[in-house]
*Asks:* 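Structure incoming, see below.
Numbered from 1 within each chain, the chains take letters A, B, ... in sequence-line order. For clarity, every value in this text was computed on a predicted model and none was experimentally measured.
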Amino acid sequence: MADKHELAQIFAAVAVLLELKGENHFKVRAYESAAHTLEQLKTDLASFVADGGLEETKGIGKAISQKIAEYLATGKIAFYEELKTSVPAVLFELIKIPGLGPKKAMALYENLGIQSVGELEYACRENRLAGLPGFGLKTQEKILEGLEYVKRFQGQQLLSDVWPLAEKIADFIRSQPGVSAAQVAGSIRRRKETVKDIDIVVAADAGADGAAFITAIPGVERILSQGTTKISLALVSGVNMDVRIVRPAEFAAALHHFTGSKEHHIALRGLAKEKGLKINEYGLEAADGRRIAVRDEQEFYRALGLDYIEPELREGADELELAASSALPLLIKEQDITGVFHVHTTYSDGSATLEEMAEAVRQRGWRYLGITDHSRTAVYARGLRVETVVEQRREIDRLNAQNQDLTIFAGIESDILPDGSLDYPDEILAQFDFVIASVHSSFRQSEADMTRRIVKAMTNRYVSILGHATGRILLARDGYELDMPAVIRAAGETGTAIEINANPYRLDLDWRWCRQAKESGVLLAVNPDAHAPEELDYVRYGVAVARKGWLTAADIINTRPAEQALALLRRKRN
DNA sequence: GCCGTTTTCGGCCCGACTGTTTTCAGTCG
């Protein structure tokens with residue numbers, strides 16, 4: 001299937017292969033950048049090419065254009081197929097191990113004949129690496145540690161597992177003598193859904209003893225490396241952390257530098273160079289070497305002729321162009337959320353009663369709550385029979401009569417059955433204030449069937465919101481096969497909202513699709529999918545996804561007053 | 001491999017740290 005994501009993966013693989021072969025670094029980068037460009041494409045590959053997109057796109061020249069054409073015509077790229085056979089597959093595995101790059105991986109393969117990750121571990125334990133040219137005992141130990149790390153966590157952590165921890169550590173560092181600022185940077189600050197490690201940037205006076213406060217950080221297992229400005233630590237929780245220490249005057253530039261992304265920096269430094277400036281982690285430099293002081297990131301961007309770019313947007317898409325023309329969106333904030341939909345109770349598989357969940361919502365300052373227990377087909381989750389639906393409705397009415405400051409809406413999370421029909425007949429669905437429709441079974445349908453199934457569900461006039469669109473579980477399970485552009489189009493045409501499921505294991509819709517949804521006229525809802533009171537706080541992660549997806553408060557249904565939000569969820573019924 | 005209103009050749013973002021070395025390559029972000 002001619003697909004831009006598959007082609008992007010091929011180009012990314014070509015980049016790795018070329019790197020393994022020791023090719024020119026800039027050639028490697030050309031393929032990396034082509035992969036990145038394709039990944040960000042808003043249209044499908046064929047129409048992009050047909051509309052002359054190749055000629056207009058920076059970074060795609062003659063050679064890569066030809067390979068794209070070849071891929072569209074044949075579904076393959078001969079150059080890649082050939083390259084693959086010339087590089088042993090095991091090298092792909094080896095370079096995923098921290099501390100092992102292409103050069104050392106190749107050396108291990110050539111000198112020790114390592115054929116698998118398991119063999120590498122064995123070779124380390126047999127002490128066979130130390131003694132190879134360029135290798136020593138330390139390197140061997142580091143590789144063993146890297147192997148452990150990959151085995152335990154596949155090198156990735158959920159944002160929700162590290163973000164709160166990172167903030168706590170930053171708070172601790174801020175309380176230390178001589179420290180004037182400390183902030184979480186890196187992919188946590190950019191709110192990537194999974195992250196590899198924790199980055200913290202610290203501003204300390206010249207006299208401050210960095211080593212003292214670093215070793216005092218709670219939860220440090222050991223120090224991995226330590227220089228005067230950069231310290232790498234392993235935490236007891238299993239995640240690694242980099243701490244960078246700079247002088248207060250350098251803090252803003254350093255914070256920017258260590259927030260990334262790599263792609264954003266490459267683009268930004270190219271722009272700086274055009275303006276005769278140089279960027280490094282300590283600040284901005286004019287051509288004559290004069291340092292340009294910046295007090296904060298706002299000033300940093302201003303010095304480059306740009307509006308401030310929020311960390312979530314720094315992924316190397318088109319954020320620089322839009323910042324240059326003051327066309328960046330004003331991103332949604334947590335405080336914009338006025339109420340929540342998609343909440344479970346003890347009526348189905350929740351752990352708290354309807355009343356307890358209502359109280360928890362009120363405590364968070366929200367004004368409305370949409371209850372959506374599971375529908376009857378979801379027997380594993382004690383889905384509601386029709387009689388129970390009526391009973392729950394009575395309790396909701398009673399609570400609403402008692403409370404002035406909170407409105408409860410009676411909804412349902414209805415299963416989308418394999419043929420795309422819903423779990424209750426229309427006359428039952430019509431009795432709910434709103435309906436979330438989700439797939440919970442038959443995940444293995446073909447892409448075409450699954451797409452048809454979901455699109456058909458959205459044509460039902462009672463379906464307000466599509467729940468967790470892809471069904472993925474981060475670090476555990478890929479989503480089902482789905483033609484997401486077709487689903488987004490159908491959502492726009494039918495007036496169905498799409499959920500940003502804020503459960504940190506899901507974060508589904510993925511932020512990468514949010515912009516396209518918005519541009520197709522789709523409204524989104526940040527839904528906690530809470531099964532317990534504390535899970536209402538998942539909203540924080542959902543807002544992070546929305547921000548990362550370039551969304552404003554206006555794009556999100558549950559930033560509105562209760563009546564308006566409900567009206568939007570019921571607009572298909574008119 | 002890509003790019004260019006100084007360029008069709010010679011650049012391409014930039015620096016810290018480690019380990020194995022006696023001046024630097026490899027890795028990482």
*Asks:* Would you tell me if any nitrogen or oxygen in the side chain of A:Lys104 comes within less than 4.0 Å of OP1 or OP2 on B:dT27?
*Replies:*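 For B:dT27, OP1/OP2 do not have a side-chain N/O of A:Lys104 under 4.0 Å.
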
*Asks:* For B:dA16, take OP1 and OP2 only and decide whether either is under 4.0 Å from a side-chain N or O of A:Ser225.
*Replies:* no

*Asks:* So which nucleotide from B:dC3, B:dC17, B:dC13 ends up closest to the side chain of A:Thr228?
*Replies:*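 Of the options given, the side chain of A:Thr228 lies nearest B:dC17.
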
*Asks:* Out of B:dA16, B:dG19, B:dT27, which has the shortest distance to the side chain of A:Thr229?
*Replies:*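 My answer, after comparing the listed nucleotides, is B:dA16.
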
*Asks:* Is any side-chain heavy atom of A:Tyr71 closer than 4.5 Å to a side-chain heavy atom of A:Lys76?
*Replies:*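 Of all side-chain heavy-atom pairs linking A:Lys76 with A:Tyr71, none is under 4.5 Å.
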
*Asks:* In the structure shown, which nucleotide is the Watson-Crick or G-U wobble counterpart of B:dT8, with both distances under 3.5 Å?
*Replies:* none

*Asks:* Can you tell me which nucleotide in B:dC17, B:dC13, B:dG29 comes closest to the side chain of A:Lys196?
*Replies:* B:dG29

*Asks:* At 4.0 Å (heavy atoms only), tell me whether A:Asp197 reaches a base, stays on the sugar-phosphate, or touches nothing.
*Replies:*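 Since only primed, P, OP1 and OP2 atoms lie under 4.0 Å of A:Asp197, the category is sugar-phosphate.
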
*Asks:* Return the 5'-most residue of the pair A:Ala105, A:Tyr282 with respect to DNA chain B, ranking by each residue's nearest nucleotide.
*Replies:* A:Tyr282

*Asks:* Kindly say if A:Lys278 contacts the phosphate of B:dG15, meaning a side-chain N or O under 4.0 Å from OP1 or OP2.
*Replies:*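 So the side chain of A:Lys278 is within the cut-off, an N or O lying under 4.0 Å from OP1 or OP2 of B:dG15.
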
*Asks:* Indicate, with a heavy-atom threshold strictly under 4.0 Å, whether A:Pro133 touches base, sugar-phosphate, or nothing.
*Replies:* nothing

*Asks:* Give a yes/no answer on whether the side chain of A:Lys230 brings an N or O atom under 4.0 Å of OP1 or OP2 in B:dA16.
*Replies:*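 For A:Lys230, the contact criterion (side-chain N or O under 4.0 Å from OP1 or OP2 of B:dA16) is not met.
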
*Asks:* Please determine if A:Asp508 and A:Arg472 form a salt bridge, counting it only when a charged side-chain N lies under 4.0 Å from a carboxylate O.
*Replies:*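 Salt bridge flag = no for A:Arg472 with A:Asp508.
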
*Asks:* Among the nucleotides B:dT20, B:dC12, B:dC2, which one has an atom lying closest to any side-chain atom of A:Ala30?
*Replies:*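 Given the options B:dT20, B:dC12, B:dC2, the side chain of A:Ala30 is closest to B:dC2.
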
*Asks:* Base, sugar-phosphate, or nothing for A:Lys142, non-hydrogen atoms under 4.0 angstrom?
*Replies:* nothing

*Asks:* Can we call the ring centroids of A:His256 and A:Tyr301 under 6.0 Å apart?
*Replies:*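 Here the rings of A:Tyr301 and A:His256 have centres that are less than 6.0 Å from each other.
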
*Asks:* Using a strict 4.0 Å threshold on nitrogen-to-oxygen distance, state whether A:Asp318 and A:Arg515 make a salt bridge.
*Replies:*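 A salt bridge is present here (some side-chain N lies under 4.0 Å from a carboxylate O).
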
*Asks:* Would you say A:Thr139 reaches B:dT20's phosphate, i.e. side-chain N/O to OP1/OP2 under 4.0 Å?
*Replies:* yes

*Asks:* So what does A:Leu100 touch, heavy atoms closer than 4.0 Å: a base, only the sugar-phosphate, or nothing?
*Replies:* sugar-phosphate

*Asks:* B:dG15 C1' sits how many Å from A:His265 NE2, rounded?
*Replies:* 12 Å

*Asks:* Need one value for A:Ile279: base, sugar-phosphate or nothing, where a base atom within 4.0 Å counts as base even if backbone is also close, heavy atoms only.
*Replies:* sugar-phosphate

*Asks:* Quick check on B:dC2: is either OP1 or OP2 less than 4.0 Å from any side-chain nitrogen or oxygen of A:Tyr31?
*Replies:* no

*Asks:* Want to settle it: does A:Gly227 or A:Lys262 sit nearer the 5' end of DNA chain B, counting the closest nucleotide to each?
*Replies:* A:Lys262

*Asks:* Name the nucleic acid region contacted by A:Phe258, choosing base, sugar-phosphate or nothing; use a 4.0 angstrom heavy-atom cut-off, strictly under.
*Replies:*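 Here A:Phe258 touches no strand at all.
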
*Asks:* For A:Ser33, which contact category applies under a 4.0 Å heavy-atom criterion: base, sugar-phosphate, or nothing?
*Replies:* nothing

*Asks:* Is any side-chain N of the basic residue among A:Arg244 and A:Glu281 closer than 4.0 Å to the acidic one's carboxylate O?
*Replies:*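 Here A:Arg244 does not pair with A:Glu281 in a salt bridge, since their nearest N and O are not under 4.0 Å apart.
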
